[in-house]
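What follows is a short report on a single structure.
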2 protein chains.
Amino acid sequence: MAGAPNIREVALRAGVSVGTVSNVLNRPELVAEPTRDRVYAAIEELGFVRNDSARQLRVGRSRTLGLVVLDVANPFFTDVARGVEDTANQHGLAVILCNTDEDPRKEASHLDLLAEMRVQGVLINPIDTDGRIAALRGRGTPVVLFDRLGDPDIECSVAVDDVLGGRLAAQHLVEAGHRTILFVGGPLTLRQVQERREGASSVVAAANGAVTMDVLTTTALNVAAGRAAGDRIAASAGRSSADGGGLPSAVFCANDLLALGVLQALTHAGIRVPADVAIVGYDDIDFAAAAAVPLTSVRQPRQQLGRTAAELLLAETMEEQHRHRQVVFQPELIVRDSSST
Amino acid sequence: MAGAPNIREVALRAGVSVGTVSNVLNRPELVAEPTRDRVYAAIEELGFVRNDSARQLRVGRSRTLGLVVLDVANPFFTDVARGVEDTANQHGLAVILCNTDEDPRKEASHLDLLAEMRVQGVLINPIDTDGRIAALRGRGTPVVLFDRLGDPDIECSVAVDDVLGGRLAAQHLVEAGHRTILFVGGPLTLRQVQERREGASSVVAAANGAVTMDVLTTTALNVAAGRAAGDRIAASAGRSSADGGGLPSAVFCANDLLALGVLQALTHAGIRVPADVAIVGYDDIDFAAAAAVPLTSVRQPRQQLGRTAAELLLAETMEEQHRHRQVVFQPELIVRDSSST
DNA sequence: CCGCGAGGCTGAATCGGTTCAACGCGGACC
DNA sequence: GGTCCGCGTTGAACCGATTCAGCCTCGCGG
């Protein structure tokens, strides 16, 4: 009595068998109405709550799905998470949100936990492609990659074309007359950072030497790292350009958090944005528009990314014979004050 | 064989009984080394992963704890979540993060799910004090309130003194010479909003008519609502003060998201911050400092709030006879450019 | 009057770890 | 030689919901 009444006590109280209670819970249309009402009444009176472990044990799989992200503090990921949640909730699934902080060890331990929980599937923006993802899949748990393309033979994935995004940003700056661009981002091991840089590089290369692009590497993709980068940029303003100094005319940041940090540091140093230096960010998080110098940014369809990823996962769990798909979204440049002439 | 090997297959392969395998998993010090190694080898070879449902079913409770927040997109809550996660992980617990979007129905459905999962405990910033929280507790699941004080006889809670926070903000503005203050926040049913307003009101009242404070109610606590409020403030600038128009000399926002929205709208309308209007926010999220007009804000110890809440929860699950505690943190005013003269 | 089918319900088997009483065995001690 | 102890291991009972073969009842057609 203390603690949790079980299905047997409910059955006893309603004067039926446990099988009938289970039917009321799961397939009420099979049970005659008066019986059903008696069972509902008993459940109510006892305050019965189904024990999900027992259910799962019998059924074999859970009603949850795991979402593993690099950084919950980044609004980009919380927006993706919202998209995932929407789709999952519509199908009666719960989402377990795991945060890796870009740390492979945390990623590993979260994946182990999700495996033990026998989640229906995992959505992940992987750092480390260690064997765990393959192992999960080997045990029959579908894994969908998001914000990163995978091998179409073995997995579904949803991504945004980061090379194109980089190109859009750089093109915009070049067309606005900027000739010295600085790319700020890191760590360079992250594919997103690499590809955005690559896109920008291709535009610069096409200008045949008329435009130059330097790279300032950061250790993380957050506001603090952006501030540090901004301080270095401001410090270089005093030095002659022969000395590697001089302000760039534009800064392209690998994400908005960095851009906001850079913006703050530059403003603080008395450098005007966009008059002295233009800034372009990436992701178009809500705070980009909310900055007092609204940020030009490359918009990714964040919620849709999440929704689509979840849909692919559900398709994989339900379809009889599944063909892996790759979905690639196109980013879009949103021009605001930080890069207007 | 397909899918998931179980503990019996491991036992068979290692040539021991299932009991021994379980001991290796849970209390390896009881098992002789050579046996242990054979079991580990078998686990490795088969790719065995413990089925957590079965474990939970037997043991009675899970190794997870639920965290229910109003809005994952608000950095305040992700910071709290990080604090909770730190503490939980140290004790080998996982955190399930649930988002209510300030919607009582979503809150209810998440609580139902957590109940079915038999989580070790729940940390919640409740909207609706419907019976579910009491019911959970009745079934033996500890529930700790955070960012809100509860009844010390029945529950633990961790909060920050919001009345004091409101007072600090208003005091700062009054001392800086502001005489017409506008409080922006809502919905007023949220206790946090109420208390911050109340604190500010008390300061205004103490000024014996020298200072006035109006209230502009918002429908939510996010950037978009802040922008809308900012637009209304800017629109009133043109009207005479007899008409209820005229700019306030300072705006105090119930949280930083609102403040950022207001800041953006005012700047966009050509109103200078802080020269024309000063702004004070609340929470001191990272973006507050990162705004191009860095925001004066009332800082809450966000991570510590999370850590402490988790510790209280753990204490309640472990202590033989538990006495509920209320922990109240003091907020701190961080003065930045948005309110400097 | 009998047979048959459908609807409604029963209850035992099942899922896979955990736990614990009990057992075997070798060494120490009297 | 007998007894006792403790370490290492065993294996069956158990947790609680689900499932399904099978039972009963009732109504209808032959």
Side-chain angles (χ1 to χ4, degrees), chain A residues 1-40 42-43 46-63 112-113 115-119 139-140, chain B residues 1-40 42-43 46-64 92 112-113 115-119 139-140:
Chain A
M1 312 301 103
N6 61 22
I7 203 174
R8 246 162 291 270
E9 299 175 39
V10 174
L12 195 67
R13 175 143 196 151
V16 297
S17 74
V18 293
T20 300
V21 177
S22 180
N23 279 334
V24 170
L25 257 25
N26 300 298
R27 300 189 301 281
E29 71 281 3
L30 293 187
V31 182
E33 201 179 317
T35 318
R36 216 191 303 160
D37 290 344
R38 281 208 325 278
V39 172
Y40 282 134
I43 288 176
L46 294 172
F48 166 76
V49 174
R50 205 216 257 88
N51 182 326
D52 200 54
S53 318
R55 175 206 183 91
Q56 265 181 231
L57 174 59
R58 186 68 241 262
V59 174
R61 60 201 161 70
S62 80
R63 277 150 48 246
D112 287 346
L113 205 70
E116 290 196 1
M117 294 178 108
R118 301 288 193 269
V119 292
R139 252 175 276 108
Chain B
M1 313 298 105
N6 61 23
I7 203 174
R8 249 163 287 270
E9 299 175 39
V10 173
L12 195 67
R13 172 143 198 149
V16 298
S17 74
V18 294
T20 300
V21 177
S22 180
N23 279 335
V24 170
L25 257 24
N26 300 299
R27 301 189 303 278
E29 71 282 2
L30 293 187
V31 181
E33 201 178 318
T35 317
R36 217 190 303 159
D37 290 343
R38 280 206 328 276
V39 173
Y40 281 134
I43 289 176
L46 294 171
F48 167 77
V49 174
R50 206 218 253 87
N51 182 325
D52 200 52
S53 318
R55 174 206 181 91
Q56 264 181 231
L57 175 58
R58 185 67 241 259
V59 174
R61 59 199 163 73
S62 79
R63 279 149 46 248
T64 56
D112 286 346
L113 205 70
E116 290 195 0
M117 295 177 108
R118 301 290 193 269
V119 292
R139 253 175 275 108

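Each chain gets a letter, A, B and so on, in the order its sequence line appears, and its residues count up from 1. These numbers were taken from a predicted model, which means no experiment stands behind them.
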Review point. If you measure from CG on B/Asn23 to OG on B/Ser17, what distance do you get to the nearest 0.5 Å?
Key: 8.0 Å
Revision key, fill the gap. With five pairs defining each end axis, the helix from C/dC1-D/dG30 to C/dC30-D/dG1 comes out bent, to 10°, by 60°
Exercise for review: Just jot down the salt bridge (charged side-chain N to carboxylate O under 4.0 Å, His left out) partners of B/Arg55, sequence neighbours excluded, or say none.
Suggested key: none
Review point. Do any N or O atoms from the side chain of B/Arg38 and from the backbone of B/Ala14 form a donor-acceptor pair under 3.5 angstrom?
Key: yes
Check your understanding: Tell me, which pairs form a salt bridge (charged side-chain N to carboxylate O under 4.0 Å, His left out) where one or both residues lie in residues 11-30 of chain B, sequence neighbours left out?
Key -> B/Arg13-B/Glu45
Study note, to complete from the structure: The side chain to side chain contact (heavy atoms under 4.5 Å, CB included) partners of B/Ser22 (sequence neighbours excluded) come to B/Ile7, B/Asn26
Point to revise | Segment of DNA chain D, first to last nucleotide, that comes within the 4.0 Å heavy-atom reach of chain A | key: D/dG16 to D/dT19
Check your understanding: Who passes salt bridge (charged side-chain N to carboxylate O under 4.0 Å, His left out) against B/Arg50, sequence neighbours left out?
Key -> A/Glu116
**Study point:** Partner residues of A/Ser62 under the side-chain hydrogen bond (donor to acceptor under 3.5 Å, both in side chains) criterion, sequence neighbours left out
**Key:** A/Thr64
**Study point:** Under the side chain to side chain contact (heavy atoms under 4.5 Å, CB included) test, residues paired with A/Arg8 that sit two or more places apart
**Key:** A/Asn6, A/Val18
Review point. Under the side chain to side chain contact (heavy atoms under 4.5 Å, CB included) test, which residues partner B/Leu113, sequence neighbours left out?
Key: A/Arg63, A/Ala94
Study note, to complete from the structure: 5' to 3', nucleotides 14-23 of chain C under a 4.0 Å protein heavy-atom cut-off (B base, S sugar-phosphate only, - none) gives BBBBBB----
Study note, to complete from the structure: Sorted by chain and residue number, the salt bridge (charged side-chain N to carboxylate O under 4.0 Å, His left out) partners of A/Asp37 (sequence neighbours excluded) come out as none
